[in-house]
Amino acid sequence: MKKNIRFGVVALALAGMAGLGYYAYTANRSPATGPAAPSAAPGKPGGAPGPGFPTAVEAARVTASNFVDDVTAVGTLKSNESVVLRPEVAGRVAAIGFKDGAVVPKGVELVSLDAAIQQAELQQAKATLALAKSSYERNVELLGKKFLSQQALDTSAATLKVQEAAVQLAEAKLAKTRVKAPFRGMVGLRNVSVGDYVKEGQDLINIEDIGTLRVDFKLPETYLGRLNKGQAVEVATDARPGERFKAQLDAIDPLVDQGGRAIAARARLDNAAGKLRPGMFVRVRLVFGERQGVLMMPEQAVVPGGQPAVFKVVDGKAKLAKVKLGVRRAALVEVTEGLAEGDVVVTAGQLKIKEGAAVRPVGDGAPPATGSAPAAPAGMAAGK
C-alpha cells in the first residue's frame, strides 16, 4: 500500500514539471503584443547621423609669432680655483695667519708648524757647507803649487757639491712646515688650532677663488652642432629670485656621456660682487637667436604615424596635409613647411575623420559668430 502511494507522488511531481516546462516554452515563443516602434528616420532628430552630417572636432589656428630659439638646463656653480690645504709633514701647529672667511693674497703664510728641528738641521748643513767650501779653496791653492794631486781636488769638489745639496734639502724641509696660499682667494673655516698636532695629509683649511665662477651643466647631444665657445649664457638661482647673471660658454667636453647621451659644457661667470657661491644650484639658459614670424601650432594636431601630417579644415572638410616640423616649446611645435598663417588644423578627434570628411570645428579654430540667430523654418514663427 505504502509502495503504491510513493509511486503516485513521484508520477504527480513529474507531470507537474512537464507542464511547467511546456508553459515556459510556449510563452517564450509567443509574439510580442503591441505594434513595433517605428525607427527614426536617418538625418532626423533622434536618429543616426546621415552620411553628410559634419563631425565635431576641436581645432586651432596656425599663428605667427616672434620666437626666441634657446635651451634651458640645470647646473652647478664651482670655484674658479679650489683647493684644500694639507701639510706635507707632521708637526705641531705653531701659528695661524688668517681669520675664517677672510680674503688672503697669494703666497701669504696661513699655517706654521713647529720647525725647531728643521731649522737646526739647516744650520748644521750650512756649517758643513762652509767647511767643505774652505777645504776646496785651500786644495785649489795646493794644486797650483804642486803640493796636491788632481784626484784629491776632485774629491773635495764632490764633497762641496754634496754639502750644497744638503743645505737645499734642509731648506726644503723647513719650507714644508709653512703652509702658504697658492692663489688669491677666500679661506673657509679652519679645522685646527694653535697647539694641535697634525699628521701629514690632514685637512687644514680650504681656499676658494670665487671672483670668477665656473658653471657646469649638461645638454642633449642634439645641440652639439649649435654650441660655440663665447656664446651668451644666462644664469638664475632660487637664492636670488628675479636676478639674472651673465656668463659666457668657455669649454665643451669632447666626450659625450654614453649613459645619458649628454654633452658636458662649462661657462664662466664674473662674480666680483660676491653674490653667488660655489656649490649653488642654478638654471642655465642658452640663447641661440631670435626669429620673426615663426609659424606655431599645438603639438596634438600632429597625426600619429610615420611622416608628420595634420588634418586641415578647408571649406568645412578635412584635408590631410603633410608638414615639416621644427622646434617644440610649451606644447607648441614649429611648422616649417605645409601650412600658412591662419590655417585651421584639427587638434582632437583625428581618429574619427578621414580625408574629405565633413567636420565642424570647435574651440580656437571655430568660425567667428555672426551675432544673429538663424532664421526659423516657415510656420514655426507663427506657432504652426
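Computed from a predicted structure; not experimentally measured. Index from 1, following the sequence.
Thr159 contributes a side-chain N or O that, together with a main-chain N or O of Thr155, makes up a donor-acceptor pair within less than 3.5 Å. Within the 3.5 Å criterion, the main-chain N or O of Ala272 finds a donor-acceptor partner in the side chain of Asp270. Side-chain atoms of Thr336 never come within 3.5 Å of backbone atoms of Gly326 as a donor-acceptor pair (strictly under, hydrogens ignored). For the pair Arg240 (side chain) and Lys275 (backbone), a donor-acceptor distance under 3.5 Å is present. Side-chain N or O atoms of Ser135 include none that pairs as donor or acceptor with a backbone N or O of Leu131 at under 3.5 Å. Checked by atom type and distance alone, the side chain of Arg266 never pairs as donor or acceptor with a backbone atom of Asp216 at under 3.5 Å. Listed for the Gln350 side chain is a donor-acceptor partner under 3.5 Å among the backbone atoms of Gln300. Under the 3.5 Å distance criterion, the side-chain polar atoms of Ser156 are left unmatched by any main-chain donor or acceptor of Ala132. Side-chain atoms of Arg329 come within 3.5 Å of backbone N or O of Asp70 as a donor-acceptor pair.
Here Arg226 pairs with Asp69 under the salt bridge (Lys or Arg N to Asp or Glu O under 4.0 Å) rule; sequence neighbours left out.
The pair Glu221-Arg261 does not meet the salt-bridge criterion, since no charged nitrogen lies less than 4.0 angstrom from a carboxylate oxygen. The existence of a salt bridge linking Arg283 and Asp238 is confirmed by a sub-4.0 Å separation between a basic side-chain nitrogen and an acidic carboxylate oxygen. The pair Glu334-Arg291 meets the salt-bridge criterion, since a charged nitrogen lies less than 4.0 angstrom from a carboxylate oxygen. Salt-bridge check for Asp196 with Arg92: failed, with every basic side-chain N at 4.0 Å or more from each acidic carboxylate O.
Counting all heavy atoms, side chain and backbone alike, Pro182 lies closest to Leu85 at CD-CD2, 3.9 Å. Nearest heavy-atom pair, Ala115 versus Leu174, reported as atom, atom and distance to 0.1 Å: CB-CD1, 3.5 Å.
Rounded to the nearest 0.5 angstrom, Ser65 OG and Leu332 CG are separated by 8.0 Å. Atoms CZ and CG, on Arg178 and Leu110 in that order, are 13.5 Å from each other to the nearest 0.5 Å. Atom CD1 of Ile210 and atom CG of Leu269 lie 12.0 Å apart (nearest 0.5 Å). In this structure, CD in Glu208 is found 10.0 Å from CE in Met186, a value given to the nearest 0.5 Å. Going from atom CD of Glu355 over to atom CG of Leu320 covers 6.0 Å, rounded to the nearest 0.5 Å. The structure places OG1 of Thr347 at 13.0 Å from CZ of Phe311, a figure rounded to the nearest 0.5 Å.
Linking Ile, Leu, Val, Met, Phe, Trp and Tyr whenever their side-chain heavy atoms come within less than 4.5 Å puts Val344 and Ile353 in one cluster.
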Q.
Using the rule given for salt bridge (Lys or Arg N to Asp or Glu O under 4.0 Å), can you reason through Arg86 versus Asp203, listing the C-alpha separation, both sets of side-chain angles and the distance that settles it, and then say yes or no?
A. CA-CA 5 Å; Arg86 302 177 177 90; Asp203 293 353; 2.6 Å; yes
- Task: With side chain to side chain contact (heavy atoms under 4.5 Å, CB included) as the test, would you mind laying out the steps for Asn206 and Val187 before giving the verdict?
- Result: CA-CA 6 Å; Asn206 65 302; Val187 294; over 6 Å; no
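With no hydrogens or angles considered, a side-chain donor-acceptor pair links Arg268 and Asn80 at under 3.5 Å.
Residue Val323 is tested with Val345, Val310, Val333, Leu295 for a side-chain contact (heavy atoms from CB on, under 4.5 Å); the sole match is Val310.
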